[in-house]
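Read through the structure below, which is laid out as structure tokens, and then see the notes.
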Amino acid sequence: MIPSQPDRRGYFGSYGGRYVPDTVFPALDELDRAYRAARRDPAFRRELGDLLRATVGRPTPLTRVLRFPAGTGKAGARPSGGTVRRRRGESRMYLKREDLCHTGAHKINNTVGQVLLARRMGKRRVIAETGAGQHGVATATACALFGLKCTVYMGSDDVKRQAMNVYRMRLLGAEVVPVESGTRTLKDAINEAMRDWVTRVRDTYYCIGSAVGPHPYPLMVRDFQSVIGLEAKRQILKEEGRLPDLLVACVGGGSNAMGLFHPFLDTDVAMVGVEAGGRGPQPGRHGATLCHGRPGILHGALSYLLQDAKGQVLPTHSVSAGLDYPGVGPEHACLKDSGRVRYTSVPDDAALEAFHRMSELEGILPALESSHALAYALRACRRSPGRVLIVNLSGRGDKDLDIAGGRI
Amino acid sequence: MTLSEKWEELRSRNEAGLVAYLMAGHPTLDKSFEAIRTLAENGADFIEIGLPFSDPIADGPVIQEASNIGLANGADLDTVLGAARSMDGRVPLILMSYLNPLHRRGVNRSVRGLKAAGFAGLIIPDLPADEAGDWMAASRKAGLDLIFLAAPTSPPERLAKIAAASSGFVYCVSLTGTTGSRTAVAAGAEAFLRRMRGRTKKPLAVGFGVSTPEHVKRLSRVADGVIVGSRIVRAAAQGEDLAALVRSLKDATRRDAGPKVCGPRGGAR
Ligand SMILES: Cc1ncc(COP(=O)(O)O)c(C=O)c1O
């Protein structure tokens, strides 16, 4: 039996918990109470539902792609005849189009929920961390919507490689604080956001951007993102008359993957989480936490962690800023150990290849994060054709044009 | 010497205890070990040794920087255990480490190793009492004091819980924030200490932001111990005269000058 709810102390199996300085412990209690009350409150659910529909643009489409999975050639190769006919044995690949959400990624499903909660709790100031900048933009957007003050911490390396999103956040009225410490990426942005929270916990709401952190964040973020899987389930039943064979999603902290997977956990649909293989399996060259890490404590939770033999957190690398993170959400750790979800990794170059293939064959520019899931899905179609699969296209690639075009 | 023996001694002299913090491996391995001796010989009543960690979320810029330097110099749990073994045990040593390096080594191995090397206490800033069942059991068994942190944001029932879990003393965080020198004692620090007093007979040590002899003097009236961290780390970084600094901080812990507002009482456990 897969525990789909954490226990009272916030553990999914043996992972999770609240490993935080005591200063913010009462704030987690307060958040837990507020979230539980909001979840039961029809007015909150109605307001969130309205926002998701009218502002975020939900439901997002489930798009069948024909050319991307067909053939064996590289990007640019055309399937024979230019049109693809239904054949027996062909793979039927669908994309869950989170790239079409307002602001361009799944992140906003979570931020409208959390910012609504922040307002309900009477907090005037919202802080967030961001890696790729998508969560920062989504938080800034939700704060603009409700007139809350927003501060976003971002590693200074990410500020450089996701410059467009920094500009967007500033246009939305958010303050972006570059973080120079540590590895200058997502991990250090979270450290700095936590330091801010410890300092101003009384008036500040910390809006975490993935299914990570101390309880109740992993539960709450997963719940807000589960709209992805709920819609996808309904949509695929309509298209195919049955559940899919396989779900594929990229895993950074794990929010888009949990969002797609969670509503399918009690079915027999296979699921694969795809981590950042970076430049190779050696320490420091990837962000594949579940593939290469071991249990440890970072950012308030016990989960898998990329660490050395002395328990120091390892540096990471990925071409995609959103997957460049040494930790992962505790629910994924539990799903890995139970075997319910399989985790694998895709290297930088394969993700880039999938980015180009999707752009050229389907006219969709995927985020580099999502391109990891696409690369795996392509391989899966070639290896065992004839299956119905859904890939979470977690975001659009506009933010990545400089990297994908080789200019960074 | 155990923590409770030291508190007993301080009580008889009507002094607050000075807890002096430094970072292992900072500014160099040798200098940090030398500094432990300097602090011990010049009035520190307890020495808190920080183990460097890659992600010190409870620390401000000064200790973050020292942590990076300590890591780069190769300071790890074994070097710290070695340093403890070379001390004579007259000044109780306390390890301050984030949870993961200790978790990686394992609860029992960590706790027994610390005790065997001569450590008297252990502080883990990202381990709240709620998650500490195994650590409390292992520490109790090994005879190592496990010290928990209480914050001004904690509601009354939480303060009582932390005090009950804590052994050796309760680490009272003077402010909401990270470590680092502040110009003044946090408003509300004294009120917080008084609230804590009402909930426990265990010794209370106050830290975060305490940096001058004036701060120490003021807090010595309401706390049993005063913890100075970033100020000493900065002195170590800049090659200041550590001995003189510690002496001036220690002098400020002697209470005979002023009336005893809220003295220590009761046993240490
Ligand atoms: C488009 C996109 N996909 C995926 C991720 C990874 O996060 P998560 O694993 O929480 O979905 C990010 C993070 O920035 C992102 O921007």
Side-chain angles (χ1 to χ4, degrees), chain A residues 8-11 16-30 179-183 187-204 213-215 293-303 305-316 326-327, chain B residues 51-61 64-65 67-68 71 74-79 97-106 110 124-133 148-159 161-162 165-166 170-173 175-180 208:
Chain A
R8 230 167 19 83
R9 294 167 56 231
Y11 280 86
R18 303 174 173 191
Y19 295 88
V20 292
D22 231 273
T23 310
V24 297
F25 204 96
L28 292 174
D29 275 338
E30 181 194 358
V179 176
E180 301 287 349
S181 59
T183 57
K187 164 179 84 84
D188 310 282
I190 298 182
N191 289 345
E192 210 51 39
M194 286 193 151
R195 292 185 187 112
D196 179 314
W197 199 36
V198 166
T199 306
R200 301 192 51 181
V201 60
R202 288 187 177 99
D203 74 338
T204 297
H215 177 67
R294 44 184 301 164
I297 295 97
L298 181 71
H299 297 149
L302 171 61
S303 184
L305 178 62
L306 292 171
Q307 55 179 316
D308 68 14
K310 293 171 181 174
Q312 302 292 341
V313 179
L314 286 167
T316 51
Chain B
L51 185 71
F53 183 52
S54 50
D55 296 271
I57 55 156
D59 286 301
Q64 281 177 48
E65 176 66 12
S67 183
N68 291 339
L71 269 184
D76 61 16
L77 196 48
D78 289 320
T79 49
S97 171
Y98 287 88
L99 182 54
N100 201 54
L102 300 172
H103 178 265
R104 188 73 167 85
R105 178 158 298 198
S110 294
I124 308 176
D126 54 348
L127 180 70
D130 310 64
E131 303 287 359
F148 289 97
L149 289 84
T153 49
S154 309
E157 67 283 0
R158 185 155 185 85
L159 292 181
K161 179 178 187 167
I162 294 164
S166 208
V170 185
Y171 191 134
C172 298
V173 178
L175 45 77
T176 57
T178 53
T179 60
F208 280 47

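As the structure is a prediction and not an experimental result, all values here were calculated from the model. Lettering of chains follows the sequences in order, A, B, ..., and the numbering in each one begins at 1.
Contacts between A:Val201 and chain B at a heavy-atom distance below 4.5 Å involve the side chain alone, from C-beta outward. Interface remark: B:Ile124 contributes no atoms to any contact with chain A (heavy atom separation under 4.5 Å). If you measure heavy-atom distances from B:Arg158 to chain A, the contacts under 4.5 Å come from the side chain alone. In this structure, the portions of A:Thr23 lying under 4.5 Å from any heavy atom of chain B include both its backbone and its side chain.
Between chain A and the residues B:Ile162, B:Leu175, B:Val173, the most heavy-atom pairs under 4.5 angstrom are made by B:Ile162. Ranked by heavy-atom pairs shorter than 4.5 Å toward chain A, the options B:Ala150, B:Ala129, B:Pro155, B:Ala151 are led by B:Ala151.
Nearest heavy-atom pair across A:Arg9 and B:Asp130 is NH2-O, 3.5 Å. Taking both residues in full, the closest heavy atoms of B:Asp59 and A:Arg195 are given as O-NE, 3.0 Å, listed atom of the first, atom of the second, then distance. Among all heavy-atom pairs drawn from A:Gln312 and B:Pro101, the shortest one is NE2-CG, 4.3 Å. The minimum heavy-atom distance linking A:Pro21 with B:Ala58 is given by the pair CG-CB, 4.3 Å. Here the closest non-hydrogen pair linking B:Pro128 and A:Asp22 is CB-OD2, 3.8 Å.
Under a 3.5 Å cut-off, the side chain of B:Asp126 and the backbone N or O of A:Val20 do not form any donor-acceptor pair. Between the side chain of B:Arg104 and the main chain of A:Asp308, a donor-acceptor pair closer than 3.5 Å is present.
For the atom pair CD1 (B:Ile57) and CD (A:Glu192), the distance works out to 11.0 Å, reported to the nearest 0.5 Å. To the nearest 0.5 Å, atom OG of residue B:Ser54 and atom CG of residue A:Asn191 are 8.0 Å apart.
Contacts of A:His299 classified as ring pair (Phe, Tyr, Trp, His ring centres under 6.0 Å), with partners at least two apart in sequence or in another chain: A:Tyr325.
At a threshold of 4.0 Å, the pair A:Lys187-B:Asp55 counts as salt-bridged, since one of the basic side-chain nitrogens sits closer than that to a carboxylate oxygen.
Under the 3.5 Å distance criterion, with hydrogens and angles disregarded, a donor-acceptor pair is assigned to the side chains of A:Tyr11 and B:Glu131.
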